[in-house]
Amino acid sequence: MALIEISNLNKSYGSKLVLNDLSLNLEAGRIVGLLGPNGCGKSTLLKILAGLISAYDGAVLLDGHKPDIHTRAIVSYLPERTYLSGWMRPVDAFDYFGDFYGDFDRVKAEDMLRFFNLDQKQQIKTMSKGMKEKLQLILVMARRARVYLLDEPMGGVDPAARSAILDAVLKNYQDDALMVLATHLIYDVEKIFDEAVLLGFGQLVMQGETDQLRQQYGKSIDEIFREVFRCSVSW
Amino acid sequence: MSYEFDNHAPIYLQLIELFNQKIVNGSWTAGDRVASVRELALEFGVNPNTVQRALAEMEREGMMYTERTSGRFITQDQQLISDTRQQLAEEKIDQFINQMQGLGLGRDELKQLIDRKWGKNNGADRNQ
Amino acid sequence: MFGKLVKHEFRATRRIVPFVWLGTIVMAVLNLITGRIGIDWLFATSLIFLVILAVAQIILTYAVIITRYYRSLYSDEGHLTHTLPVRPSRVLASKTLVSFAWMISSVVMALVVVVVIATTIGSKNGYTLSQMYQEFRAAFAFTDGQMALVIGLFVVYVIYALLLQLAQIFFAISFGSQAVFHKLSIAAPIIFYLVFNFALEMIMLVATIFLPIGVEMQLDANGMPDSFSLVARGMFDLIRNPEQPQVVFGLGGIILSVFAMAGLFYGSYLLIKKHTSLR
C-alpha cells in the first residue's frame, strides 16, 4: 500500500476546476518533485494532503487515513505563506512545535538555527522574507514526520541560500519518509528528486523516476517540463 | 555541494563515473570502507536513492562488495581497478580525439600540442 | 492537548493588556493617595487618567480577543492552526476559555476602578463605601440576604452577557471570513456582527414580550418589591393591562438567548472544522 493514495480527486473554486480527476500514488522513502506551472493545482493538492482543505471530491488516503487529526500528526507541512505570529521568536516557535508535535526534535532545530545563522531571540516581524522561510523550513524539517509536504521552499531566498536549504533538506530527511516538494525552480533542485510528478491543469501529465526520464528523453527534468508545457499551450 | 552534475544525463551514471574515478586515482583506497549512502548523498547533494543505485551498480560490476555485518567496501582486486582505469581513460581519449578531429587537428599536430602542453601543466593535473 | 492550546492561547494574548492593568493600578493608587493627602491638581489629573485607562483596558481586551481569533484562524497563521493535530472543538474551547478569562478580568478591573473612584469622591463628600452600600440597600428596602442575591444575580448576568457577546463575536468573524465574503475584507465580520446582534436583540425582545414565561414581582403598599414568583406569562399582559399591581419580567428572551448562544458556538465550531476559508 502506498503511503499516499489519491484517486479521482476533483477540487474546484467556484466554477474553476483546479484538480481534475487526479489519481496518484506516492511511496514512502522517496523525494518527489511536484512540478507544474503556476495555478496548476500544486498548492491545492498539498493543502488537501495537509488537511487544510476538507471540501473536495474523490478519495485521499495518507497511511490509510483520510486527512484528519491522525494524519496531521504524521504530516509536516510547509506552506508558501508565513504562518507564524509576528511577535514570536524562534524559541517561542520551538516551544509551540514541541508542545503540539510529539515528533519535534528541538536539538535538531537548534542546530539548524545555528547552521542558518539565525538568532534565537529575534522577533519574526523583524525578519526578512528569506529568514522567515528558513525558520519555517527548520520547524518543518526538525520533525521526524512520515510525510513532508514542502510548498515552494525556496521561493523567496537568494541562490546561495537555496543550496543551503537543499543541504538542510537532504541532511534532515528520514530514509523511510516521503517528501513531496512542489517547486517551479526545477533546475536547481532536480538532482535531489528520485521521482518527478508533472501536473498540468489539475491533471497528471507525467510521473516517473528522474534518472529514467533523463535517460529516455536525453534531457533534464527542467527541459522535459518546459517541453511538456510549451506543447500544452496549444491544448 | 561543490559538484556540478549534468542534469541532462542520469545522475546515477555520473555518480558511478565519479566514484570509479576516485577509486582508480587512489583518493578512495582499495579495501577501504565506503561512506554511508546518507553521507555520500549529502556530500554530493543528490538523492540518497540515486547514490544507493550507483553503489548497487558498482557492486554488480565488482568495484565494491558488501560484508553482511560491517558494510560496503572498495574492491581489492588490483587487476579490476587497473582495467577500470584503462577503460575510463580510453573512453575519455575517444571523446577527446573525436573533439580534436572536429577541430581538424591531425595525429602529429595533436601529439606535438600535447607534448608542449604536458610540460606546462604537469603536476597540476595529477591532483585534480 | 487542551491544556497546551490554552497555554499558547494565553501566551499569544498576554502582551498588551497586563501592562495597561499595571498602569491602571498605579493610577488608582495615585488617585487614592492624592485624594487622601489633598493634592488637588494631581488628584483631578489621576482621576481623568484612571477613567481613560479603565475604558481603554476594556477596549484593548476586546481588540486583542478579536484580532487573535481572526489572525490565528483566518489569516496566514491559519495554515498552522488548522494543521495542528488537535480537534477543532478543542481549538474553539481554548479560545473561548482564554478570551472569557481576559474579558471577565477586564470587567473586574473596571469594577475596581469604580470602587476606587467611589471611595475617593465619596470621602471628599464625607461618605464611606459602607455608607453608600447601606443607602442603596435602604432605597429598595432589601435585607442583607436579598442584597447578596442581587449581587449574585448581577455576577451571573455579567458572566452570561460576556459569553453571549463572545459567541456573537466569534461567529461573526468566522462567518464573515468565509471565502464568499473575501471581497469585503474586514468589513464583513463587522457588518455581520451588527446584523446578527440586531437580529438577536429583536428576537429576544419579541420572545420576552410574547413567550409565556416570566418572573412576577408583587409590590407592597409603598410600591416596593415584596415577593417574586415564576409565572406562565410574558410581558404582553403587562402591556395590555399596565394598571395591574404586579410587574412581570419576561424570561423568554433570556431562555431563547441560551439556545442562540449554543447555536452560535456550534456554528463557529462547524466553520472552524470546515476551514475552507483561507485566502
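In what follows, chains are A, B, ... by sequence order, proteins preceding strands, each numbered from 1.
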With a 4.5 Å cut-off on heavy-atom pairs, point out which of A:Arg30, A:Glu190, A:Arg214, A:Glu209 contacts chain B the most.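 Max contact count across the listed options: A:Arg214.
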
For [X] and [Y], work out which heavy atoms get closest and say how close.
X	Y	result
A:Leu170	B:Ala41	CD1-O, 3.9 Å
A:Lys191	B:Phe5	CD-CD1, 4.3 Å
B:Asn47	A:Ile192	ND2-O, 2.6 Å

In Å and rounded to the nearest 0.5 Å, what is the [atom1] to [atom2] distance from [X] to [Y]?
X	Y	atom1	atom2	result
A:Asp175	B:Gln52	CG	CD	9.5 Å
A:Ile221	B:Asn7	CD1	CG	8.0 Å
A:Asp222	B:His8	CG	NE2	8.5 Å

(request) Would you mind reporting whether A:Ser220 and B:Asp6 have side-chain heavy atoms less than 4.5 Å apart? (result) no

Checklist entry - If you count the non-hydrogen atoms of other residues, nucleotides and ligands that lie under 6.0 Å from NZ in B:Lys22, is the total more than 12? => result yes

Proximity breakdown for A:Tyr187 and chain B, heavy-atom pairs closer than 4.5 Å: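 When you check distances to chain B, atoms from both the backbone and side chain of A:Tyr187 fall under 4.5 Å.
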
>> Is A:Lys171 in contact with chain B via its backbone, its side chain, both, or neither, using a 4.5 Å heavy-atom distance?
In response: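 For A:Lys171, backbone and side chain are both near chain B.
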
Point to revise | Intermediate values then yes/no, side chain to side chain contact (heavy atoms under 4.5 Å, CB included), B:Leu13 and A:Gln215 | key: CA-CA 10 Å; B:Leu13 292 177; A:Gln215 199 144 30; 3.9 Å; yes

Tested for side-chain contact (heavy atoms from CB on, under 4.5 Å) against B:Ile11, the lone hit among A:Thr210, A:Asp194, A:Asp211 is A:Asp211

